[in-house]
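Just so it is clear, the model here is predicted, and its values are computed rather than measured. Residue numbers start from 1 in every chain, and the chains themselves are labelled A, B, ... in the order their sequence lines are given, proteins ahead of strands.
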Amino acid sequence: MPEIMARYLITSALPYINGVKHLGNLAGSMLPADVHARFRRLQGHEVLYICATDEHGTPAELAAAEAGQDVRTYCNEQFVIQRDACAGFKLSFDHFGRSSNPPNHRLTQAFCEALEKNGLIEERVTKQIYSVDDKRFLPDRYVEGTCPVCGFERARGDQCDNCGSLLDPVDLKNPRSKISGSTNVEARDTAHLFLLQPKMQDRIRAWVDKATDWPQLARSIAYKWLDEGLIDRAITRDLSWGIKVTKDGKPRPGFEGKVFYVWFDAPVEYIGSTVEWAESTGADWERWWREDKGASDVTYVQFMGKDNVAFHTVSFPVTIMGSGEPWKLVDRLKAFNWVTWYGGKFSTSEKRGIFMDQALELLPSDYWRWYLMANAPESSDAAFTLEQFQQTVNADLANVFGNFVNRITRFAASKFDSAVPDGGEPGEAEEKLAKEFADRLKTLTQCHEQMEMRKAAAELRAIWVAGNEYLQVAAPWTAIKTDRDKAAVGVRTGLNAVALFAILAQPFIPDAAKAVLDAMGVPDENRTWPKPEDVGVWDALPRGHAFTPPDVLFKKIEDADVAAWTERFGGVDGA
RNA sequence: GGUGGGGUAGCUCAGCUGGUUAGAGCGCGGGAUUCAUAACCCCGAGGUCGGGAGUUCAAUUCUCCCCCCCACCA
């Protein structure tokens with residue numbers, strides 16, 4: 001089918017290496033990005049879906065220390081855990097990389113050097129708290145002390161939780177290390193590189209002004225930062241785990257014990273991961289990222305949680321644009337709010353909420369995928385409850401879709417010998433179904449194109465319902481008693497609906513969709529996204545074509561399951 | 001504290017630039033059906049659209065104030 005092929009570069013915010021993510025993290029970036037990637041592939045577009053673990057920074061170091069491991073070993077283990085959890089959810093990354101891998105080191109260093117050549121980097125000496133016992137400089141939030149403003153004794157280095165004053169760690173009285181508790185700390189001079197963001201302020205604003213199709217949430221956050229005024233930001237830290245600072249490709253004098261701050265190198269890994277992908281497949285990464293190397297026709301779509309919007313709309317663009325090089329900038333952006341656990345926070349320590357690896361122990365990924373996207377936190381935070389999860393999955397997947405597939409395939413198996421029947425002509429009922437299907441398919445397609453997950457799921461569900469309505473009217477089980485041709489039309493239409501419904505379900509529930517399409521014997525090349533004007537879809541299965549009724553697609557979630565899970569994961573209201 | 005996002009039927013949520021009897025799914029009540037995972041289909045009952053004031057012929061939809069919830073604050 002000749003179509004206008006487009007190219008989509010899709011990234012989802014990088015999950016931090018520190019432990020397996022919970023369902024909220026999944027629902028807010030990786031999963032919707034996957035749904036979108038699958039949809040665009042089905043449309044016949046060329047898609048590159050990239051993700052990676054974000055591995056640098058103090059939290060990784062501390063988590064490793066707590067686990068009694070060196071950071072590298074810790075990250076190696078955690079990377080595998082996260083990669084496997086993502087695979088378990090059928091996230092169809094073209095590559096899942098690591099920000100600690102060599103390509104990101106090279107790129108990050110190159111970006112910094114390019115920025116410096118353009119006068120956007122400045123070396124400054126500042127005073128920071130050094131912990132003698134910990135043998136390290138302390139990040140702001142790992143310094144505690146008495147607030148110089150209100151006298152609160154447990155003020156953090158960056159802010160006092162009591163009076164709200166923004167603080168500088170060196171101003172705290174009686175400072176101590178939050179890591180070891182040691183009070184043997186002192187302010188020491190240390191040099192850092194600063195990114196002169198204010199110099200880019202006007203260019204960033206002009207760029208945001210043109211981004212009229214960004215969602216409201218993204219634009220308002222970007223403007224908020226711009227209105228407040230960008231500030232010079234340190235992009236290096238006194239740590240050992242991270243990307244070394246260079247000058248002219250060699251270690252930068254005076255920066256031997258320093259690395260880039262994690263927020264500077266993490267987004268660069270979008271590119272780094274693409275390079276990893278290219279190195280492992282022999283593909284060309286520059287045609288996805290360099291405007292001068294063929295990327296000008298790429299549509300770049302980013303998925304992220306609302307906490308990441310500022311970095312993607314302002315900070316990272318400063319790096320990209322400031323380099324003066326023709327890198328690809330984000331075109332479309334989708335931001336999500338949070339999924340909450342019964343209205344409160346997910347928490348490992350308090351045993352509240354389900355994490356990705358645990359979810360897969362309970363049920364196949366499709367169950368979670370469907371619920372999380374049908375209830376995606378698009379306009380506001382969305383509460384996850386096991387009770388609603390049970391209801392949604394049982395109703396939508398088991399009763400509406402699963403049962404539709406089951407009822408018509410089993411009827412066809414017993415009365416028409418497990419083959420697509422010939423004979424009869426479509427009538428009024430078939431016309432009505434085709435009309436409704438075409439209308440809803442149009443809407444569904446638009447929802448996917450706009451990345452409206454909830455609406456897309458609702459529309460898909462409505463299409464499934466239309467199938468059940470049709471069967472109710474066509475009632476082949478009645479017709480077969482008097483008019484075999486009429487029953488044949490009903491069964492044939494129903495079986496084609498099974499295939500169509502599964503094709504449209506692929507982005508959301510890929511495994512179940514595949515099981516249905518395999519059972520119906522639909523060849524891969526016929527599983528592409530249909531168009532509303534294609535009327536041939538209702539006679540796509542060859543007449544006489546044999547199929548195997550699939551097994552029950554979705555087992556219902558029992559009340560006893562919910563009770564057990566509530567016990568284990570802390571349901572109801574614990575907050 | 002600042003900024004942003006929310007407060008709409010029992011529950012989870014839709015409701016562009018203001019305008020006939022405010023919508024969906026689930027849950028609930030009734031009916032129909034028997035091909036099917038006690039499933040499906042139809043009908044119905046449920047809401048002073050957080051509170052107050054204002055603008056307007058007209059506000060859930062605009063403005064202001066207040067009260068709650070959530071997130072972020074480099």
Side-chain angles (χ1 to χ4, degrees), chain A residues 24 28 139-141 158-166 195 197 215-225 227-228 230-235 261-264 305-311 314-315 335-340 342-345 371 374-385 387-416 452 454-455 457-459 461-462 464-480 487 490-491 494 549 551-558 575:
Chain A
D140 291 358
R141 59 183 152 154
D158 52 346
Q159 183 175 21
C160 174
D161 282 334
N162 187 50
C163 68
S165 304
L166 294 177
L195 178 58
Q197 298 190 112
Q216 176 62 27
L217 180 66
R219 300 194 89 204
S220 62
I221 291 176
Y223 277 125
K224 178 204 152 201
W225 278 40
D227 290 345
E228 288 179 357
L230 302 182
I231 61 168
D232 297 339
R233 275 217 66 190
I235 59 166
Y261 191 18
V262 60
W263 77 256
F264 185 74
K306 58 184 170 184
D307 57 323
N308 264 317
V309 172
F311 291 100
V314 178
S315 304
F336 288 84
N337 290 279
W338 305 128
V339 173
T340 63
Y342 289 83
K345 286 185 183 177
Y371 178 83
N375 296 282
E378 290 180 307
S379 60
S380 65
D381 294 352
F384 181 100
T385 69
E387 292 75 11
Q388 210 200 338
F389 174 62
Q390 174 193 27
Q391 287 172 357
T392 302
V393 164
N394 288 353
D396 296 353
L397 297 183
N399 296 349
V400 175
F401 179 53
N403 182 52
F404 175 77
V405 172
N406 194 42
R407 66 193 295 203
I408 189 63
T409 53
R410 289 195 52 180
F411 181 76
S414 69
K415 304 294 189 203
F416 288 91
E452 298 266 15
R454 281 182 108 111
K455 288 180 179 171
E459 202 60 32
R461 183 186 187 286
W464 294 338
V465 168
N468 279 312
E469 280 172 23
Y470 165 77
L471 282 189
Q472 215 63 26
V473 174
W477 47 89
T478 304
I480 195 147
V491 170
D551 294 331
V552 165
L553 287 174
F554 299 99
K555 197 172 58 96
K556 289 192 193 181
I557 298 171
E558 305 295 336

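Within the 4.0 angstrom heavy-atom criterion, base atoms lie near A:Leu553. Among the protein residues, A:Asn403 comes within range of the nucleic acid bases, having at least one heavy atom under 4.0 Å from a base atom. In this structure, A:Phe404 reaches neither bases nor backbone, as no heavy-atom distance under 4.0 Å exists between it and the strands shown. Within the 4.0 angstrom heavy-atom criterion, no nucleotide atom of any strand lies near A:Val400. Backbone-only contact: A:Ala382 has heavy atoms under 4.0 Å from sugar-phosphate atoms and none from a base. The residue A:Ala475 sits apart from the nucleic acid: no heavy atom pair falls under 4.0 Å.
Regarding contacts with the backbone of B:G15, a side-chain N or O of A:Lys455 is found under 4.0 angstrom from either OP1 or OP2. Dashed line: the shortest gap from a side-chain N or O of A:Asn399 to OP1 or OP2 of B:C40 is under 4.0 Å. For A:Arg461 and B:A24, the shortest distance from a side-chain N or O to OP1 or OP2 is not below 4.0 Å. Listed pair A:Arg454 / B:U12 fails the phosphate criterion, with no side-chain N or O lying under 4.0 Å from OP1 or OP2. Considering only side-chain N and O atoms, A:Lys556 lies under 4.0 angstrom from the phosphate OP1 or OP2 of B:A39.
Checked by atom type and distance alone, the side chain of A:Asn394 never pairs as donor or acceptor with a backbone atom of A:Lys556 at under 3.5 Å. Listed for the A:Asn468 side chain is a donor-acceptor partner under 3.5 Å among the backbone atoms of A:Val400.
Looking at RNA chain B, the stems built from 3 or more consecutive Watson-Crick or G-U wobble pairs, each pair with its key distances under 3.5 Å, are B:1-7 with B:67-73, B:10-13 with B:23-26, B:28-31 with B:41-44, B:50-54 with B:62-66.
Here the separation of B:G25 from B:U17, taken at their C1' atoms, is 28 Å to the nearest Å. B:C11 sits 34 Å from B:G1 when the C1' atoms are compared, rounded to a whole Å. If you take atom C1' in B:G50 and the same atom in B:G30, they sit 34 Å apart, rounded to whole Å. Rounded to a whole angstrom, the distance from the P atom of B:C65 to that of B:G4 is 13 Å. B:G7 and B:G44 are spaced 28 Å apart, taking the P atom of each and rounding to whole Å. Only the C1' atoms considered, B:G19 is 25 Å distant from B:C13, to the nearest whole Å. Taking atom C1' in both B:U8 and B:A59, the straight-line distance is 14 Å, to the nearest Å. Rounded to a whole angstrom, the distance from the P atom of B:A58 to that of B:U48 is 23 Å.
Atom P of nucleotide B:C35 and atom CD of A:Gln472 are separated by 12 Å, given to the nearest angstrom. At whole-Å resolution of the value, CG in A:Leu230 and C1' in B:C73 are 14 Å apart. The OH atom of A:Tyr371 sits 17 Å away from the P atom of B:G25 (whole-angstrom rounding). The separation between A:Gln391 atom CD and B:G25 atom P is 14 Å, rounded to whole Å. If you measure from atom NZ of A:Lys415 to atom P of B:C35, you get 7 Å, rounded to the nearest angstrom. Atom CG in A:Asn337 sits roughly 8 Å away from atom P in B:G6 (whole-Å rounding). Residue A:Arg407 contributes atom CZ, which lies 9 Å from atom P of B:C40 at whole-angstrom precision. Look at CD on A:Glu378: it is 22 Å from P on B:G4, rounded to the nearest Å.
Classification of B:G46 as syn follows from a glycosidic angle within 90° of 0.
Using a 30° and 60° split on the angle between ring planes, A:Tyr371 and A:Phe389 fall in the perpendicular class, above 60°. Note: A:Phe554 and A:Phe401 have tilted aromatic rings, judged against thresholds of 30 and 60 degrees for the angle between ring planes.
Under the stacking criterion of a centre-to-centre distance below 5.5 angstrom and an interplanar angle below 30°, A:Phe411 is not stacked against the six-membered ring of B:C35.
Residue order along RNA chain B, read from the 5' end via each residue's closest nucleotide, puts A:Thr478 first among A:Thr478 and A:Ala398. The nearest heavy atom of RNA chain B to A:Val465 and to A:Asp551 marks one nucleotide each, and the one closer to the 5' end goes with A:Asp551.
Looking at A:Val405, A:Asn399, A:Leu397 one by one, the single match for side-chain contact (heavy atoms from CB on, under 4.5 Å) with A:Trp464 turns out to be A:Leu397.
Using a 4.5 Å heavy-atom threshold, the side chains of A:Asn406 and A:Leu553 count as separate. In this structure, A:Ile480 and A:Phe416 have side chains that are in contact, with non-hydrogen atoms separated by less than 4.5 Å.
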(message) Run the side chain to side chain contact (heavy atoms under 4.5 Å, CB included) test on A:Gln197 and A:Asp232 for me, step by step, so that the C-alpha distance in whole Å, both residues' side-chain angles and the decisive distance to 0.1 Å come before the verdict.
(response) CA-CA 5 Å; A:Gln197 298 190 112; A:Asp232 297 339; 5.6 Å; no

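In the set B:C41, B:U33, B:G25, B:G25 carries the atom at the smallest distance from any side-chain atom of A:Gln388.
Residue pairs meeting the salt bridge (Lys or Arg N to Asp or Glu O under 4.0 Å) criterion with at least one partner in residues 398-408 of chain A, sequence neighbours excluded, do not occur; the list is empty.
A:Asn375 and A:Ala382 make their closest contact through O-CB, 3.6 Å (heavy atoms, listed as atom of the first residue, atom of the second, distance).
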